[in-house]
K.L.:
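Questions regarding the structure given below will be posed in turn.
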Amino acid sequence: MKPAVTYELLHIDKNSGARRGVVHTPHGDIQTPIFMPVGTQATVKSMTPEELKEEVKAQIILSNTYHLYLRPGHEIVKEAGGLHNFMKWDRPILTDCGGFQVFSLSDLRTISEEGVEFRSHLDGSKHLFTPEKVMEIEEALGADIIMSFDECCPYPSTYEYTKNSMERTTRWAKRCKEAHTTTDKQALFGIIQGGFYEDLREQSAKDLIDLDFPGYALGGISVGEPKEEFLKMLYHTTPLMPENKPRYLMGVGSPDYLIEAALAGIDMCDCVLPTRIARNGTAMTSHGKVVVRNATYERDFSPLDPECDCYTCKNYTRAYIRHLVKANEILGVRLLSIHNLRFLTKLMEKVRIEIENDNLLNFRDEFYQKYGYTK
RNA sequence: GUGUUAUUAGCUUAGUUGGUUAAAGCGUCAGAUUGUGGAUCUGAAGAUCACGGGUUCGAGUCCCGUAUAGCACC
């Protein structure tokens with residue numbers, strides 16, 4: 001049977017590993033490489049679906065198993081007709097499995113072979129996530145792409161801990177695959193782990209490829225390590241991932257990391273960074289980060305980014321947005337979120353064009369120079 | 001006019017029987033943020049303790065006077 005999600009390779013950049021492609025899903029095609037906005041609780045914070053489509057031009061968004069399971073409960077989302085109906089988003093959705101929450105809520109969790117026991121951050125109640133349970137939840141939510149249940153090791157972790165964790169994650173991935181029933185409507189992706197140890201990454205990739213998932217994610221990097229470590233693992237692991245399937249790098253969202261990911265041959269990235277820093281008064285621009293909350297912009301009547309085509313930049317000034325942020329007005333968060341998300345989706349539009357022109361390496365160097373990065 | 005209460009950081013306040021470098025919240029200024037427990041978190045600057053005297057080894061704290069504000073009564 002044809003999987004719910006397939007990858008079509010259009011072009012490989014002749015000067016790098018970057019690939020231009022299309023991911024076909026039940027709710028439409030995704031042009032890759034792509035950045036995916038995160039909507040943890042069935043909403044990209046402060047954005048309507050119309051804004052995501054028309055202003056941000058988002059092709060796919062993420063949501064989260066852990067959070068929706070706890071509130072409102074996956075049964076309610078299922079009753080609503082699934083996540084797409086519930087939140088009025090008719091394009092593709094990817095649900096994260098809650099593995100990262102297991103990591104970030106580590107003071108409350110107990111990991112065993114069976115799964116993870118944890119306490120709800122909302123009311124302290126005890127819950128058990130097993131691979132089978134996570135599949136039940138993700139099937140109820142009904143996203144196009146669902147993630148297998150994994151453990152994301154903290155940085156740094158010892159070789160032994162990382163190895164045991166990675167091997168358990170592989171066993172969990174197998175159980176996820178066996179428990180997954182809606183294969184015609186939802187594609188289950190495996191998550192490669194192995195921390196910052198090259199041989200563990202190789203082992204993880206090999207074992208997961210043997211399980212034949214319709215797509216693969218690179219997890220457990222961009223967890224606080226130095227950039228050199230990140231790049232080393234990225235460039236080591238990505239070539240291990242199958243060429244005929246989508247490659248998803250989890251948790252990456254700064255402009256430089258996104259370009260590096262594309263260069264390495266990654267197709268999909270997601271991150272909370274653009275929406276999170278928006279809520280704290282910061283904009284991403286083609287000339288670097290602008291902390292618009294700062295006093296420097298009190299009388300700056302120019303747009304956040306003069307090169308940006310978004311609703312915010314077409315209509316509002318830095319001084320006004322600064323005022324909204326300082327006054328704690330909701331509109332400030334909304335305008336910055338629109339801009340930051342549009343900045344990244346547009347960056348990836350450019351990346352796709354540059355790949356088609358075999359020019360992504362040059363583009364990276366120009367971008368770094370302009371953005372103020374020193375590679 | 002008389003009595004009374006108050007006056008401490010930009011604002012609102014804490015400050016024990018007088019005892020190290022006067023504290024906090026908000027505000028201001030800045031930093032952080034990468035598969036969202038984040039309209040969050042961290043840090044910094046900012047005070048002649050209304051003013052002038054006095055008592056004391058030592059005063060934001062006790063005494064006197066002045067100023068300003070509130071309240072009560074003429």
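So you know, we letter chains A, B, ... as the sequences are listed, proteins then strands, and number each from 1.
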K.L.:
So does A:K370 pair up with A:E366, basic N to acidic O under 4.0 Å?
P.N.:
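Judged by the 4.0 Å cut-off on N to carboxylate O distance, A:K370 and A:E366 do not form a salt bridge.
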K.L.:
Determine whether the aromatic ring centres of residues A:Y216 and A:F189 are separated by less than 6.0 angstrom.
P.N.:
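No, ring centres 6.0 Å or more apart.
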K.L.:
Would you indicate what A:C269 reaches in the nucleic acid, counting non-hydrogen atoms under 4.0 angstrom: base, sugar-phosphate, or nothing?
P.N.:
nothing
K.L.:
Mind checking A:V333 for me? I need base, sugar-phosphate or nothing, with any heavy atom below 4.0 Å counting as a touch.
P.N.:
nothing
K.L.:
Would one find a side-chain N or O of A:Q41 under 4.0 angstrom from OP1 or OP2 of B:U36?
P.N.:
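It does not, given that no N or O in the side chain of A:Q41 lies less than 4.0 Å from OP1 or OP2 of B:U36.
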K.L.:
Given the C1' atoms of B:G43 and B:U61, what is the spacing between them in whole Å?
P.N.:
32 Å
K.L.:
Name the nucleic acid region contacted by A:E225, choosing base, sugar-phosphate or nothing; use a 4.0 angstrom heavy-atom cut-off, strictly under.
P.N.:
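If one applies the 4.0 Å heavy-atom cut-off, A:E225 turns out to touch nothing in the nucleic acid.
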K.L.:
Would you indicate which nucleotide in B:G35, B:G37, B:U33 comes nearest to any side-chain atom of A:M250?
P.N.:
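That would be B:G35.
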K.L.:
Pick base, sugar-phosphate or nothing for A:S46, based on heavy-atom distances below 4.0 Å to the nucleic acid.
P.N.:
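The residue A:S46 makes no contact with any strand.
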K.L.:
Report yes if at least one side-chain N or O of A:R276 is closer than 4.0 Å to OP1 or OP2 of B:U34; otherwise report no.
P.N.:
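For A:R276, the contact criterion (side-chain N or O under 4.0 Å from OP1 or OP2 of B:U34) is met.
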K.L.:
At under 4.0 Å between heavy atoms, what does A:G253 touch on the DNA or RNA strands: base, sugar-phosphate, or nothing?
P.N.:
base
K.L.:
Answer with base, sugar-phosphate or nothing: what part of the nucleic acid does A:D270 contact at a heavy-atom distance below 4.0 Å?
P.N.:
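Here A:D270 touches the backbone only, sparing every base.
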K.L.:
Taking only the side-chain heavy atoms of A:S222 (C-beta and beyond), determine which of B:U36, B:U34, B:G35 contains the nearest atom.
P.N.:
B:U34
K.L.:
According to a strict under-4.0 Å criterion, is A:K289 in side-chain N/O contact with OP1 or OP2 of B:G31?
P.N.:
no
K.L.:
What nucleotide, of B:A30, B:A39, B:G31, holds the atom closest to the side chain of A:V291?
P.N.:
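Of the options given, the side chain of A:V291 lies nearest B:G31.
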K.L.:
Relative to the ring of A:Y66, is the ring of A:F129 parallel (under 30°), tilted (30 to 60°) or perpendicular (over 60°)?
P.N.:
perpendicular
K.L.:
So, is A:S104 near the phosphate of B:G37, with a side-chain N or O under 4.0 Å from OP1 or OP2?
P.N.:
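Looking at the OP1 and OP2 atoms of B:G37, one of them is under 4.0 Å from a side-chain N or O of A:S104.
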K.L.:
Of the candidate nucleotides B:A30, B:G37, B:U34, which contains the atom at the shortest distance from the side chain of A:H121?
P.N.:
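The answer is B:G37, which lies nearest to the side chain.
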K.L.:
Under 4.0 Å between any heavy atoms, over every strand shown, what does A:N64 touch: base, sugar-phosphate, or nothing? Just pick one.
P.N.:
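Here A:N64 touches the backbone only, sparing every base.
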K.L.:
Hey, is the side chain of A:K326 poking within less than 4.0 Å of OP1 or OP2 on B:U28, counting only N and O atoms?
P.N.:
yes
K.L.:
Establish, with yes or no, whether the OP1 or OP2 oxygen of B:U33 is under 4.0 angstrom from a side-chain nitrogen or oxygen of A:R293.
P.N.:
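Result: no.
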K.L.:
Write down the distance separating the P atoms in B:U13 and B:U8, rounded off to the nearest Å.
P.N.:
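Going atom to atom, P in each nucleotide, I get 9 Å.
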K.L.:
Side chain of A:C152, heavy atoms from C-beta onward: which of B:U33, B:G35, B:G37 has the nearest atom to it?
P.N.:
B:G35
K.L.:
Looking at B:G31, I'd like to know if its phosphate oxygens (OP1 or OP2) sit under 4.0 Å from a side-chain N or O belonging to A:N280.
P.N.:
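So the side chain of A:N280 is outside the cut-off, no N or O lying under 4.0 Å from OP1 or OP2 of B:G31.
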K.L.:
Can you tell me how the ring of A:F149 sits relative to the ring of A:W172, calling it parallel under 30°, perpendicular over 60° and tilted otherwise?
P.N.:
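Because their plane-to-plane angle is under 30°, the rings of A:F149 and A:W172 count as parallel.
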K.L.:
Between A:Y311 and A:H339, does the ring centre distance come in under 6.0 Å?
P.N.:
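No, the ring of A:Y311 stays outside the 6.0 Å limit from the ring of A:H339, centre to centre.
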K.L.:
For A:L94, report the nucleic acid contact type (base, sugar-phosphate, nothing); a contact means any heavy atom under 4.0 Å.
P.N.:
nothing
K.L.:
Can you find a side chain N or O atom of A:Q101 that sits less than 4.0 Å from OP1 or OP2 on B:G37?
P.N.:
yes
K.L.:
Out of B:G35, B:A30, B:C29, which has the shortest distance to the side chain of A:N294?
P.N.:
B:A30
K.L.:
Under a plain distance cut-off of 3.5 Å, with no hydrogens placed, do A:Y248 and A:D270 share a side-chain donor-acceptor pair?
P.N.:
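Side-chain D/A pair, A:D270 to A:Y248: present.
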